[in-house]
Amino acid sequence: MEGVIALYIVMLAAFAGYEVIARVPVILHTPLMSGSNFVHGIVLVGAMVALGRADTLPEQIIGFIGVVLGAGNAVGGYVVTERMLQMFKASGQKKKESA
Amino acid sequence: MQGLMPDHVATLAIDGSYLLVAFLFIMGLKAMSSPVKARRGIVVAGAGMLIGTVMSFLYPGMGNFALMLAAIAIGGGLACWSGRIVAMTDMPQMIALYNGMGGGAAAAIAAVELLRMAAAQPEAAAAHGPVVTALAAAGAFIGSVSFSGSLIAFGKLQGLIKRSFRFQGQQVVNLVIVAATLAIGASLVLTAHSAMQTVVLFFALALALGITMTLPIGGADMPVVISLYNAFTGLAVAFEGFVLENAAMIIAGIVVGSAGTLLTQLMAKAMNRSLGNVLFSGFGEGPVAATEGVSGALKPIEASDAGVMMAFAQKVIVIPGYGMAVAQAQHKVWELCQLLIDKGVMLRFAIHPVAGRMPGHMNVLLAEAGVPYDLISDLDEINAEFETADVALVIGANDVVNPVARTDKGSPIYGMPILNADKARNVLVVKRGQGAGFSGIENHLFYLDNTRMVYGDAQKVAAELIHAIKAIG
């Protein structure tokens with residue numbers, strides 16, 4: 001990738017990350033940390049590529065570990081974040097559901 | 001390896017899907033900033049992850065598909081199982097664990113790439129300039145620290161590692177490890193054919209640094225550290241994204257890196273600790289400074305009388321702390337609160353940023369018990385309201401309501417923002433025994449004229465209060 005273009009991407013992504021988080025209320029900090037933890041689970045696709053291109057045994061072993069860890073990050077991050085967020089309800093919500 | 005479609009079509013499809021992944025991630029995180037849309041946010045981000053993962057199988061020139069599927073099944077299966085069974089009180093250490101796994105994965109990618117360079121395979125050597133090697137090494141360093149550090153954080157919060165290890169000159173040792181790791185990293189970048197032993201030593205040192213950095217940090221400061229490692233993993237992922245020329249990894253990694261850094265600062269600020277302070281000194285390390293003496297006595301009250309007091313109040317503010325969660329009392333407390341609301345009492349929950357083990361953790365625990373989030377207020381919203389409250393009910397919280405944080409410059413918690421429970425007309429404190437709080441500081445709130453102590457296990461006291469209020473009819 002062109003070096004300069006990559007730097008543009010970095011700068012814009014950094015702003016996006018900052019802006020997205022800056023308005024989050026404190027009550028959502030724990031799920032949000034968990035959610036951002038899930039997002040870097042995209043490392044899984046990199047680990048898949050590393051394993052897919054590995055041709056010696058040490059590379060395959062490390063690549064395999066990488067995919068196991070990456071999949072753990074992505075799936076675990078999703079499951080716990082979803083579990084936490086689905087519990088958040090407003091006062092009126094429960095009555096609406098039962099009605 | 002013959003792919004499903006011609007190479008250039010596959011590459012185009014993958015690049016297109018990664019653009020969608022980046023879009024879905026950012027939209028998902030944005031939705032997570034409002035409690036109403038938060039659930040939708042994680043589902044949107046999850047869809048992005050699924051698309052990215054499926055499309056990545058199409059990369060041209062890949063093999064080892066059986067290994068890949070097995071690895072995904074093992075990692076994903078274990079994480080799914082553990083994520084479903086973990087109790088809400090244990091959530092912080094699970095986040096640390098999954099985060100460590102991400103850091104480890106980034107380090108593993110770097111290891112494969114650095115090994116290929118060390119083996120000097122022609123195509124790898126040609127593809128990688130010194131800049132790419134430097135990025136790979138930087139990601140390897142940060143990812144490894146995040147991996148081993150997060151595992152230590154998990155061990156500490158899970159109670160597997162009981163004490164904080166501190167010794168004289170610890171900072172010097174850490175500094176030496178950092179210097180050695182950087183030196184070896186530099187040699188990896190500058191020499192075209194590094195020996196495999198050099199690569200191994202590089203990773204060993206980085207992993208060791210994560211351990212020695214995290215071991216001395218106390219449990220109370222751990223959330224800040226976990227958040228910091230979350231940002232670290234994001235950066236490591238972004239660096240490896242450069243190495244693999246993977247736009248989705250770069251964008252997601254940088255977004256998490258910057259969001260995580262901001263979140264870390266917010267947490268440290270809420271705890272009245274600077275980041276440097278958390279990382280480089282243990283809490284309460286020095287001798288405790290002489291603090292103002294306490295005057296007055298602890299005045300106990302029976303649960304039945306306390307119940308009457310609350311039933312006839314107009315406005316009650318409940319201040320839950322981690323002690324309530326440990327006693328698993330949040331369901332009973334919410335039952336008590338519903339009873340008061342039915343009696344026409346105006347009721348609010350006041351949450352200190354560090355209630356629970358992580359900012360926002362108490363909100364998750366209350367949400368689990370069924371408390372609607374619009375009854376929950378944070379420190380800035382609620383502090384002005386204590387003056388008009390008839391009763392402030394403190395359950396399992398201690399340091400976060402200690403007025404010495406406002407008044408006593410000698411106190412270790414001086415300057416920490418606190419909930420102004422002492423301004424309420426009456427204060428009821430539910431407490432297991434007479435001991436001091438987590439930090440060992442005497443709480444002056446407990447000795448005030450308008451404070452009454454209800455001794456006992458939080459769950460049992462809540463049940464007694466419910467009984468007392470029901471008895472009034």
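Letters go in sequence order (proteins before strands), and every chain restarts at 1.
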Taking it one step at a time, do Leu51(A) and Leu67(B) satisfy side-chain contact (heavy atoms from CB on, under 4.5 Å)?
-> CA-CA 8 Å; Leu51(A) 174 60; Leu67(B) 275 179; 4.1 Å; yes
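Only the backbone of Ile85(B) has a heavy atom closer than 4.5 Å to any heavy atom of chain A. Of the two parts of Leu28(A), only the side chain, counted from C-beta on, holds a non-hydrogen atom closer than 4.5 Å to a non-hydrogen atom of chain B. Using a 4.5 Å cut-off between heavy atoms, Phe57(B) contacts chain A through both its backbone and its side chain. No part of Glu240(B) comes within reach of chain A, as not one of its non-hydrogen atoms sits under 4.5 angstrom from that chain. Interface residue Ile95(B): backbone and side-chain heavy atoms are both found under 4.5 Å from chain A. Contacts between Ser34(B) and chain A at a heavy-atom distance below 4.5 Å involve the backbone alone (N, CA, C, O). For a residue to count as touching a neighbouring chain, one of its non-hydrogen atoms must lie under 4.5 Å from one of that chain's; by this rule Leu29(B) touches chain A with backbone and side chain alike. Pro223(B) touches chain A through its backbone: at least one of N, CA, C or O sits under 4.5 Å from a heavy atom, while the side chain does not. Within the 4.5 angstrom heavy-atom criterion, atoms from both the backbone and the side chain of Ile226(B) approach chain A. For Thr53(B), the parts sitting under 4.5 Å from any heavy atom of chain A are the backbone and the side chain alike.
Residues Leu115(B) and Ile62(A) are in side-chain contact: their nearest non-hydrogen atoms beyond the backbone lie under 4.5 Å apart. Here the side chains of Ile42(A) and Val21(B) are in contact, with some heavy-atom distance below 4.5 Å. Considering only heavy atoms from C-beta on, Ile251(B) comes within 4.5 Å of Ile9(A) through its side chain. At a threshold of 4.5 Å between non-hydrogen side-chain atoms, the residues Asp55(A) and Arg116(B) count as touching. Side-chain contact between Tyr78(A) and Met49(B) is absent, with no heavy atoms from C-beta onward closer than 4.5 Å. For the pair Ile74(B)/Phe64(A), a side-chain contact is recorded, criterion being any heavy-atom separation below 4.5 Å from C-beta on. For the pair Met358(B)/His29(A), no side-chain contact is recorded, criterion being any heavy-atom separation below 4.5 Å from C-beta on.
Side-chain N or O atoms of Asn64(B) include none that pairs as donor or acceptor with a backbone N or O of Gln60(A) at under 3.5 Å. Not one N or O on the side chain of Asn99(B) forms a donor-acceptor pair closer than 3.5 Å with the backbone of Asn37(A).
Between Tyr98(B) and Gly77(A) the shortest heavy-atom distance is CD1-N, 3.9 Å. Closest approach of Gly76(A) to Ala79(B), counting heavy atoms only: N-CB, 3.5 Å. Closest of all the heavy-atom pairs between Ala106(B) and Val43(A) is N-CG2, 3.7 Å. The two atoms that bring Ala259(B) and Gly17(A) nearest to each other are CB-O, 3.7 Å, heavy atoms only.
Separation of atoms CE (Met32(B)) and CD1 (Ile21(A)) is listed at 8.5 Å; rounding is to 0.5 Å. With rounding to the nearest 0.5 angstrom, the CD atom of Glu19(A) is 9.5 Å from the OG atom of Ser258(B). Atoms CZ and CD1, on Arg83(A) and Ile42(B) in that order, are 13.5 Å from each other to the nearest 0.5 Å. Rounded to the nearest 0.5 angstrom, Arg39(B) CZ and Met84(A) CE are separated by 13.0 Å. In this structure, CD1 on Ile109(B) lies 11.0 Å from CE on Met48(A), to the nearest 0.5 angstrom.
Relative ring orientation between Phe88(A) and Tyr373(B) is described as tilted, the plane-to-plane angle lying within the 30° to 60° band.
Chain B forms more heavy-atom pairs under 4.5 Å with one residue of Val68(A), Val79(A), Ile61(A) than with any other, namely Val68(A). With respect to chain A, the highest number of heavy-atom pairs below 4.5 Å among Thr233(B), Val36(B), Asp378(B) belongs to Thr233(B). Contact count versus chain B (heavy atoms, under 4.5 Å) is highest, among Val20(A), Leu12(A), Val45(A), for Val45(A). Contact count against chain B (heavy-atom pairs under 4.5 Å) is highest for Thr30(A) among Leu44(A), Ile65(A), Thr30(A), Val80(A).
Asn230(B) and His40(A) are linked by a side-chain donor-acceptor pair at a separation below 3.5 angstrom, with hydrogens and angles left out of the test.
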